Amino acid sequence: MRNAELTELLAQEADRHEDHRARALKRASHSALLWPIEVEDLVARSESLTVLPSVGPWVARLIERWLADPPPLGEVPATRRGFITMADAVRALEAAPEYRSVRADLQVHTTWSDGAEPLESMTEALAGRGYAYSAITDHSQGLKIAGGMDEETLARQWDEIDEVNQGGALRILKSLEMNLSPEGEGDMDPAVLAKLDLVLGTFHSALRKTEDQTDRYLAAIANPTIDVFAHPVCRMYNRRSGLRADWPRVFAAAAEAGIALEIDCTVARQDLPVELLRIARDTGVWFSIGTDAHAIGELDFMPLGIGAAAMAGISTERILNFQSAEVLADWTARRRARSG
Ligand SMILES: [Zn+2]
């Protein structure tokens, strides 16, 4: 039994409790998505399961019982379907060494919007992970709840990026996660956006609509100011299953417009998921991978995104993060010239 199944069994067990046990099980279920080693391998080595984060003696005994006598896995709710575990990702990457040479993290937040760390500490942490460059992508003004930036604040952030880039540990790209209205409109001056190295755009509202949203996506993709469509499905583990659309049509439109689709690595997002990545791959569209980290520890989500790309068989030649900063700059310049 792999961690993916254990995650779900723990979540289902959590739904059967209401007290502190429900909380402990829910915590363990979320945590299991990130355990880098399969629990069955730990057991095979006679190691105690309590070495795993969020596993106390009671949860450990429960898991041991399941391993000895696997219970049937009930219906998996839509909000928990299609997530891979870190152990899945590690295994996929072990079998595919070409995916290890990732040069950048292309979605990172700082205290300029809703991140927990100042730009300087985030830059150091990114350099520590061996990247050649990375994109700082704080939120734009429309997302008030996340402390989104207006044009003036963005310009001040650029001054700080210029300063940080003097240090030279790695190059920080000036970027932004722009909020798109349900009509696909951005919330920043296009002349300012044109000065950015990379513009991410996505929806952050009306994410629980159940009717088909294809038109909304097509409108957003027709917006010439965005280079990357971030966390396209907009799902959240155990909370919402994301928007519905005619994905082959949406992905083909993105390929046609030259827009990259994001693989958001945040454990609770994993967006696009592997199943949709396979469909997207066949359209020839570009991909951009970002941890969407709001804290230093979240930079470690990267293997979930690269692992998903490997599982979907996406060539590194189609992923922006595997290109040099110069090739990426060339890619955005050509994309914008074509759509402008
Ligand atoms: Zn976002």
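On a predicted model such as this, the values are computed, not experimentally measured, just so you know. Counting convention: from 1, in listed order, for ligands and their atoms alike.
- Taking both residues in full, the closest heavy atoms of Leu25 and Glu13 are given as CD1-CG, 3.6 Å, listed atom of the first, atom of the second, then distance.
- For the salt bridge (Lys or Arg N to Asp or Glu O under 4.0 Å) condition, no pair includes a residue of residues 272-291, sequence neighbours left out.
- For Glu177 and His204, the side-chain atoms include at least one donor-acceptor pair closer than 3.5 Å.
- Nearest heavy atom pair, residue Leu207 against residue Leu243, reads O-CD2, 3.6 Å.
- Figure legend: Arg249 and Tyr217 shown without cation-pi pairing, the cationic atom not lying both under 6.0 angstrom from the six-membered ring centre and within 45 degrees of its axis.
- Side chains of Glu160 and Trp112: a donor-acceptor N/O pair is present below 3.5 angstrom, by distance only.
- Distances from the Zn ion (ligand 1) under 2.8 Å pick out these protein N/O/S atoms: Glu177 OE2, His204 NE2, His231 NE2.
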